[in-house]
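A quick write-up on the structure given underneath.
Throughout, a chain's letter reflects where its sequence line sits, starting with A, and its residues are numbered from 1.
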Amino acid sequence: MEYNFRDIEKKWQKEWTDTKAYQVSNNSTKPKYYVLDMFPYPSGAGLHVGHPLGYIASDIVSRFKRLKGFNVLHPMGYDAFGLPAEQYALEHGVHPAKSTAQNIDNFRKQLDNIGFSYDWDREVRTCDADYYQWTQWIFLQLFNSFYDRNQQKAVSIQELIKSFEQEGNIKHVCPGNPTLQFTAAAWKAFSEKEQQDILMDYRLAFCGYGEVNWCEALGTVLANDEVVNGVSERGGHPVVKKKLRQWYLRITEYADRLLSGLDTIEFSEAMKEMQTNWIGKSSGAEISFKLQAAGYKQEQSSLQPEASSLELLVYTTRPDTIFGVDFMVVAPEHELIEKITTAEQKEAVDAYITYVKSRSDRERQAEKKITGCFTGAYAINPFDGREIPVWISEYVLAGYGTGAIMAVPCGDERDFKFAKHFNIPITNIIGDAFDGTDANATKDAVLSNSGFLNGTKMRDAIEVVITKLEEMGIGKRKVNYKMRDAAFSRQRYWGEPFPIVWQDGIAYPLDEKELPLLLPDVESYGPGPDGEGPLANLNDWKNTTYKGKPAVRETNTMPGYAGSSWYFLRYMDPNNEQTFCEKKVSDYWNQVDLYIGGTEHAVGHLLYSRMWTKALYDLGYIGFDEPFRKLLNQGMIQGSSRFVYRKKGTQTFISSSLKQGVEVDELHVDVNIVDGVELDIEAFKKWRNGEYANAEFILEEGKYICGVEVEKMSKSKFNTVNPDTLVEKFGADTFRMYEMFLGPVDQSKPWDTKGIEGVHRFLKKLWRLFFDENKGKIWTDEQPTAGELKVLHRTIKKIDDDTERYSFNTAVSSFMICVNELSDLNCHKKQILQDVLILLTPYAPHIAAELWKQLGNEGSVLDASFPVFNASYVTETSKEYPISINGKTRTNISIALDATEEQVKEIVLANELVQKWMEGKPLKKLIFVKGKMINVVI
RNA sequence: GCCCUGGUGGUGGAACUGGUAGACACGCAGGACUUAAAAUCCUGUUCGCCGAAAAAGCGAGUGCGGGUUCGAUUCCCGCCUGGGGCACCA
């Protein structure tokens, strides 16, 4: 009997579907385990071999935990709203709902092929109304809450209103407008509009104004990756920054908890570092500098009360360097620029601002060329009265700190280069620590040229200066975050509509009973007027009433991360019509025990979902405030592209190593018609509907050899490999094991199909332990030998350990070693083989199930119990010690493991080879690491 | 530019906490079985030197240059280089 994987896999997949083998109950006495994959976006291109890497890993863990007696939740669904479907609709007129559903069907078929253990009864799609109803509901909870800094948690906005009515906002600093202060009486006297505007500055989901990529020619807002080098990707039209009304989530209020929460979860150090850096907490001081218009000496400034009443507020982490400030730099968006620019500089400043408007934040920061423009204005150093020129430069971003910095060229590299470039004199405040050719960012130098700070260590001066600034009333201690509030609206169609109506400039939330607010159909997916999204074109939908008076609906939609910020909760209770997830159920499943996905979500999705979880926890809807207990990052599978070389202007293709000196076009060729690097010429001639049917070839040794390059896997590079074809050719079990065998799951690597046969051979070899081509069944009920038990138990230990630490590639190797050794031992004993099958079930479930059944077992191997390791079968009494002379291994000596150091020394020094290498020199030292090695030092 | 991460034979990778570098595979070479092929099995395979070959031996070797250590793929410093992210792709 042969290993007929196609029949076996089909049979068991049907069996498992029919018996609902993967259905999970919310009621179980078993301990729970929740394994989750990051939501896929169902793109039209379908799955390529890169996608299932993480899914296979999570499937192995799920099945492994099940064998170990856990009730395992392992769901899958689709992050189905998004830009590509809308773009496709724009180009082809197909409704996004339709193309999305088709893509999902396609994804599902491909996933089913691989034999995953998902409980499909729990599938969710973010674009389904019974899902996004709850996304809208959570939005309303955020809208109706504020962050109470005293309690450090989200609280209902009703509590805030009560507080305002009793004591004004004295207890609650306004996060959207920190200088705002009012009394209870003032609050009561405000109009409704005024009250609502104030509340908006407190809400966790709030409306404000923000800059977007605006393309006048297309009349629409563009996503960052639709903008290339300052022009639109489609059409190449100019793109500028434009301010539009936007919704935001006040994630900055959670900054500290998002930071401290990292200590309670198992993310990689790299991931925690990235999130920490993104949040970017720093402490320093805000300092207010008096400004003086150009051309006026200090004594004259009193004649210019207007100019000198203006102040420039900067944020710095290094107030100790205040005597080293040689110039100021403000962001080109800074509102003071208009007021302080002198007539002589006006033209230059305007030109510079126009230039900056066309550039993205990324370009601005990455720019190596130093650019900037002097405003003509001067700030006054409050300690020594020095005049400090105020410059504008793109490297200062409006959104960070106060949008203005004090530049200290002797201590900051970028300031230093700026000063050199514009010939601004540099003041040295750190003596020898500054060499005049490079800035030195030390905190340990002793200050000089620094007035009252002279002789103070910089590190200590920070406190001294802050205290002084506070005494003088011109500055204060300040904690700052790089993180900004999260933009939460898109001028797009294919997303969740906001459950908000506008009346008289006030945003009113819909009643929860009115949810879901359905996404209406539109005729065209093009932009609405004034930068609004497509929904703005639907007058019938847009115009509505609120409390009997005319009102308009919010026409923005929510961004992609809305639905994906809480989906892990919906899986727990996917069909609940009363609530997003019953508390009792989320108490049982609790946190996701293992979350698997790529590092590309490090700071976006992972921070947003952490914030939503904290807010839902604060409001009492769930009982934990971190969604993911443990995160495993999967590496990206890259494509390994193949190239053919066409002699310019001909149909002649030249083999890779013969192309030197010939002018050729380098063309991507489909990797699926290349065997290793050898082109399948016949397949090539048929490729692309026979475009190359008449091609001629210049071969080397009778073969056409292709060029190779590692790139992102993408359809346009013809380097995608579809899992379907591999499953068809080798089977799902082989495919699963090969993906794992490729290397550590968390490392990026190029895909190469070449090695898959080795894994396939392994499964065939395993099969031959059970069946012989001629004799059929060959397993026996004989008692295993000590040698066979040793192989088995070594494997149990290795598979258990490796799976537990997600080292799936080494686990696959261990299976190979185990089968190789059992084959060498001619072992066909049921007692041994049966346990091997259980070990293998998470990795290759189909073949394991088939052989398990063949052995005559009742019940499913999915619910077998994981073999228990018995150390007594594998204990050794002696060890082949490597013997090094001065660190170089020269020989091996077998020594009993319980030998004492004295005995070991005697044995080693008596050895002939050791003596030869010692060349009669005296022994300096003998290093003996028990069970590891011995080093003779002479 | 900033943050994170990787670099080991012809190839994917192994070496888990500083202790025999190259497990396990792919590929390649040689052989067995076969009329032949497929499948399967066996042997060899880091590089260089020595040698007819085999065996044995010697030297070098984990991106590059330094350092710490009896001992470094592993720790430290500097550099080169591939990948991911940088707030509207998901």
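The CD-P distance, from A/E912 to B/G57, rounds to 13 Å in whole Å. One interatomic measurement links the two molecules: CG of A/L742 to P of B/A14, which rounds to 11 Å at whole-angstrom precision. What separates CG of A/D772 from C1' of B/C41 is a distance of 14 Å, to the nearest Å. Computed from coordinates, the A/M38 CE to B/G85 C1' distance equals 13 Å when rounded to whole Å. Atom CD in A/Q365 sits about 16 Å away from atom P in B/G85, given to the nearest Å. A straight line from CD1 of A/I799 to P of B/C24 spans 15 Å, rounded to a whole angstrom. In this structure, the CD1 atom of A/I934 is 11 Å from the C1' atom of B/G19, given to the nearest Å.
Base pairing of B/G59 is made with B/C47, judged by Watson-Crick or G-U wobble geometry with both donor-acceptor distances under 3.5 Å.
A/N809 has a side-chain polar atom (N or O) that falls below the 4.0 Å cut-off from OP1 or OP2 of B/A14. Taking only side-chain nitrogens and oxygens, A/R362 comes nearer than 4.0 Å to OP1 or OP2 of B/A87. The side chain of A/R761 places an N or O atom within less than 4.0 Å of a non-bridging phosphate oxygen (OP1 or OP2) of B/C26. Under 4.0 angstrom from either OP1 or OP2 of B/G19 there lies no side-chain N or O belonging to A/K888. Not one side-chain nitrogen or oxygen of A/N633 sits closer than 4.0 Å to the OP1 or OP2 atom of B/C4. The shortest distance between the side-chain N/O atoms of A/K764 and the OP1/OP2 oxygens of B/U40 is below 4.0 Å. For A/R805, no side-chain nitrogen or oxygen approaches OP1 or OP2 of B/C16 to under 4.0 Å. Residue A/R492 has no polar side-chain atom (N or O) positioned under 4.0 Å from OP1 or OP2 of B/A90.
Between the side chain of A/E600 and the base of B/C89, no donor-acceptor pair under 3.5 Å is found. Applying the 3.5 Å distance criterion, the base of B/C70 shares a donor-acceptor pair with the side chain of A/N935.
Between the side chains of A/S807 and A/T810, at least one donor-acceptor pair of N or O atoms lies under 3.5 Å. No side-chain donor-acceptor contact under 3.5 Å links A/N480 and A/S282.
Using P as the reference atom, B/U43 and B/C49 are 28 Å apart when rounded to the nearest Å.
Considering all non-hydrogen atoms of both residues, A/L222 and A/R492 come closest at CA-NH2, 3.9 Å.
Aromatic ring centres of A/F39 and A/F568 lie farther apart than the 6.0 Å criterion allows.
Cation-pi geometry between A/K281 and A/Y481 is not met: the NZ or CZ atom fails to fall both under 6.0 Å from the ring centre and inside 45° of the normal.
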